[in-house]
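Below is one structure, written out as structure tokens; the observations come after it.
Quick caveat, the model's predicted, so the values are computed rather than measured.
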Amino acid sequence: PPREEAKAAIDMCKAASIQVKMITGDHKITASAIGAQLGIETDRTVEGREISEMSDEQLRECVKTTSVFARVSPEHKVRLVDAVRANGNIAAMTGDGVNDAPSLKHADIGVAMGITGTDVSKEAADMILTDDNFASIVSAVAEGRTIYSNIRKVVGFLLSCNIGEILVIFIAMLANLPVPLVAIQLLSINLITDAFPAFALGMEKEEPGTMTRPPRDPQEPIVNKKMTVGVIIQSVALALGTLISFMYGYFVHQDLEIARSACFFTLVIGELLRAYSSRSETTSIFRMKILENSYLNKCVFVSILFMFASIYVPFLNPVFSTQPLAWDELLVALLFAFLPMLGGEAAKLIQKRL
């Protein structure tokens, strides 16, 4: 009899657009009955002898619409795996016996049973289920999707931050302005303000809806069209907010170090606010639990502590080329620091339409 959790796992696969196919050596009637209990479509059950009579092209068409295969031999299993892959799909194959080893080897991901599996099947597999539970495979898929999503968040965050910093320096040079940020400020931002929140973004939990979206194209790069658009918008917003803060301090207060301090403050706070916005590529920051990632909260706290120390601790001022900011200067710099976050939210709305 099928396990209770197996049906729920198969339902989750359906929601995630993952096709589940049952391949067994059992009788056709038994296979159909078990498939029906699990919620696998059993309108048609194909037997091994029918597979033997099919050409490779006919089998490729057959696996598109058939989910239950009975009375199959090891050779049939290999052909079925090859047919699934030939249709452009990623094939994960489970097995426990010696005769499953060839198909486990042919699959993109061979999954052997850790309890009932033979040593031969374990050697041929890419992954071993220690509990022999199909639901564990689905959990692994969810974990994999979360890891990939977190990698995208980290890459998008770091790209937008670094390109924004480059734009700040580049635009200031084109406008014949003094350099807004000195080398030590840029170095400290990259080592502390960028790196720590990026590590924390890599620890994000599974987002709601992770297992209800379709699989991604395996040929699609991490930095795809949507991310490129998002990075451009956020980089420009970060550079714009930072430059306006710098010019406010430079032209209004006529003090280069005050201007650099305001620029430094805006850039650091702007990137930290961007980190919270980067916790999801689709969900608005105003709809998520902002402080749910404790790792990010700690990293942001350390970064803010460092930034205030570099501005308000006297012996650090000459090291970082900063000056203490008055309350009005601080509030203006803080106001411009919200631009990058708003740019990130605007990018999410635009990306949804792409």
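By the rule that hydrophobic residues join a cluster once side-chain heavy atoms approach within less than 4.5 Å of another member, I166 and I233 end up as members of separate clusters.
The main-chain N or O of A333 is found under 3.5 Å from a side-chain atom of T266 such that the two form a donor-acceptor pair. Under the 3.5 Å distance criterion, the side-chain polar atoms of S52 are matched with a main-chain donor or acceptor of G48.
Ring geometry, Y250 versus F246: the interplanar angle falls under 30°, so the pair is classed parallel (tilted spans 30 to 60°).
The neighbour count for Q254 CD, taken as heavy atoms of other residues, nucleotides or ligands under 6.0 Å away, is above 12. Taking a 6.0 Å sphere around CZ of F301, one finds it holds 12 or fewer heavy atoms contributed by other residues, nucleotides or ligands. Heavy atoms from other residues, nucleotides or ligands lying under 6.0 Å from CD of Q37 number more than 12. Counting non-hydrogen atoms of neighbouring residues, nucleotides and ligands closer than 6.0 angstrom, the CD atom of E75 reaches no more than 12 such neighbours. The local environment of CZ in F170 is sparse, with at most 12 non-hydrogen atoms from other residues, nucleotides or ligands closer than 6.0 Å. Other residues, nucleotides and ligands contribute at most 12 non-hydrogen atoms within 6.0 Å of the CD atom of E57.
Screening R287, K289, K153 for a salt bridge (Lys or Arg N to Asp or Glu O under 4.0 Å) involving E207 leaves a single residue, K153. Applying side-chain hydrogen bond (donor to acceptor under 3.5 Å, both in side chains) to Q234 and the options E345, E271, R274 leaves one that passes, R274.
Aromatic pair F306/F320: ring centres closer than 6.0 Å.
Under the 6.0 Å distance and 45° angle rule, R216 counts as a cation-pi partner of Y148.
The closest side-chain donor-acceptor pair between T322 and R260, if any, does not fall under 3.5 angstrom.
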### Task
Start with the C-alpha distance between S67 and E41, add both sets of side-chain angles, then the distance that settles side-chain hydrogen bond (donor to acceptor under 3.5 Å, both in side chains), and finish with yes or no.
CA-CA 6 Å; S67 298; E41 294 179 8; 4.8 Å; no

### Message
Could you go through F134 and C13, starting from their C-alpha distance and side-chain angles, then the distance that decides it, and tell me whether this counts as side chain to side chain contact (heavy atoms under 4.5 Å, CB included)?
### Response
CA-CA 11 Å; F134 178 80; C13 284; 4.2 Å; yes

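Residue S121 comes nearest to A112 through the heavy atom pair O-CB, 3.6 Å, listed as atom of the first residue, atom of the second, then distance.
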